[in-house]
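Below is one structure, written out as structure tokens; comments come after it.
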Amino acid sequence: MNWEAVIGVEIHLRLKTEHKLFCRDRAVFGAVPNTHVCPVCIGLPGALPVLNPHAVELALQTALAFGCSVHLESAWARKSYFYPDLPKGYQITQFEKPIATEGRVTFSSLEGEASVRIRRVHIEEDAGKLLHDKASGASAIDLNRAGTALVEIVTEPDLRMPEDVRSFLGELKQTVEYIGASDCNMEEGNLRVDANVSVRPVGSTELGNKTEIKNVNSFSGVEKALSIEIKRQISIIKDGGLVSQKTLLWDDHRSELREMRSKEESDDYRYFPEPDLYPLLLSQKQVVAALNSLPELPRDRRYRFKKTYKLKHYDAEVLTQTTANADYFEDLVEINVDPKVAAKWVTGPLQALMNQRGEDAQSIPVRPETMGELIGLVEVGVVSESAAKTVLVI
Ligand code: ADP
Ligand code: MG
């Protein structure tokens, strides 16, 4: 029998706001532990949350970038659980009424263009962080992260291959970076991915028992962890067993999955309406303004580059990797560098230079005007290509 995997992911993105979601503490990464905390984000009795409108704006843009239906009324809920990094004992999130539902992410899969449906997008606050390497035999707690603004994106179980999960995440990350809603840096925990996976016989439409993989810290880690878990599930079923629903933790050093806990159901969280916050109300005007404020998205820019500049798919893909690269390329074209020549220089020597210097197309000292002049000299044969590359490095 042939088996297929069924995969759905939950992505948490830290929104790029200066302040936390419900208080005026700054949301900063890497500060001295517990220096950005106040009664609100640690939930002292009597402290009241006040919603940060910038977080709503960024979440709204994210939802719209993926074509979601935005709800003019959404609501806040308390998700109760105990953990040392959550002194409040609950997390403020959106449960029954999220800000947006039903979107889509289109990406390049192994079999061509594919798309994954987004089930919901909601806003929530983050918890603090346990530090296991600060004190011997004990864990320390840093609450700087407590109360920072996150957006969670939950997909339908539409993915089938671990490789596709990686491309899908790449597309999602690129889009979010384009709109500037999050830095999407996995090392700093700005982007966290939990992957849910089950297997079933090819042709079946039923969903099997799933496991949830947490603690992955790179896209390649997600891909690897899923491949291992899919094999494990298939072998259990082939041996006549049943996959038990549980949460697994990815250990990147050992490349293995460890069991964390049996999965709790949403009932276990005792969700109830947050009494200290009004429902989140958006006006039609606000939604339209957010839609109009979206920049050209990666997919559209890629398509336009291929069409307008007659670039190969690969070049268009590389050039639109970041807004800065794409802008640099278009600046060159604007000063009359032939698009194909400009593409060659930006994806080749300039990219090499940026990698070498650890800079991007925005910060690199060689600006498009100078670059354009240099390319011009090469084109008319005054300077050889290799000499020009040497000049770039100096
Ligand atoms: P839970 O109640 O366990 O959190 P949800 O239905 O809320 O499960 O779904 C969480 C995520 O898991 C979603 O991304 C969804 O697409 C995915 N998912 C749900 N059921 C399955 C399944 N049987 N196999 C793979 N993924 C699944
Ligand atoms: Mg869930």
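Note that the coordinates shown come from a computational prediction; the quantities given were computed from them, not determined experimentally. Atoms within each ligand, like the ligands themselves, are counted from 1 in listed order.
Across all non-hydrogen atoms, the minimal contact from Pro49 to Leu277 is O-CD2, 3.7 Å. Of all heavy-atom pairs between His54 and Asn52, the closest is N-OD1, 2.9 Å.
Backbone and side-chain nitrogen or oxygen atoms of Thr155 are examined, and one is located within less than 3.5 angstrom of a nitrogen or oxygen of ligand 1.
Within the 4.0 Å heavy-atom cutoff, Glu212 does not count among the residues contacting ligand 1.
Residue Pro157 approaches ligand 1 through these ligand atoms, each under 4.0 Å from one of its heavy atoms: 16 (O), 26 (N), 27 (C). Those atoms of ligand 1 with a heavy atom of Gly208 less than 4.0 angstrom away are 23 (N). Atoms of ligand 1 found under 4.0 Å from any heavy atom of Ser198, numbered from 1 in the order shown, are 22 (C), 23 (N), 24 (N), 25 (C). Close approach to Glu156 involves these atoms of ligand 1, each under 4.0 Å from a residue heavy atom: 16 (O). For ligand 1 and Arg119, the ligand atoms under 4.0 Å from any heavy atom of the residue are 5 (P), 6 (O), 7 (O), 9 (O), 15 (C), 16 (O).
If you check each of Val6, Val116, Asn196 against atom 17 (C) of ligand 1, the one with the closest non-hydrogen atom is Asn196.
Residue Val154 touches ligand 1 through its side chain alone, judged by heavy-atom distances below 4.0 Å. At a heavy-atom distance under 4.0 Å, only backbone atoms of Val9 (N, CA, C or O) approach ligand 1.
In the hydrophobic clustering, Tyr314 connects to Val318, either directly or through intervening members, whenever side-chain heavy atoms lie under 4.5 Å apart.
Of the options Glu156, Glu102, Glu10, a salt bridge (Lys or Arg N to Asp or Glu O under 4.0 Å) to Arg119 is made by Glu156 and by none of the others.
The environment of Gln362 atom CD is sparse: at most 12 non-hydrogen atoms of other residues, nucleotides or ligands sit within 6.0 angstrom. By the neighbour-count criterion of 12 heavy atoms within 6.0 Å, atom CZ of Arg24 is sparsely surrounded, having that number or fewer from other residues, nucleotides or ligands.
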Under the ring pair (Phe, Tyr, Trp, His ring centres under 6.0 Å) criterion, do Phe95 and Tyr269 qualify, and how do the steps go? CA-CA 11 Å; Phe95 182 57; Tyr269 289 117; 8.9 Å; no
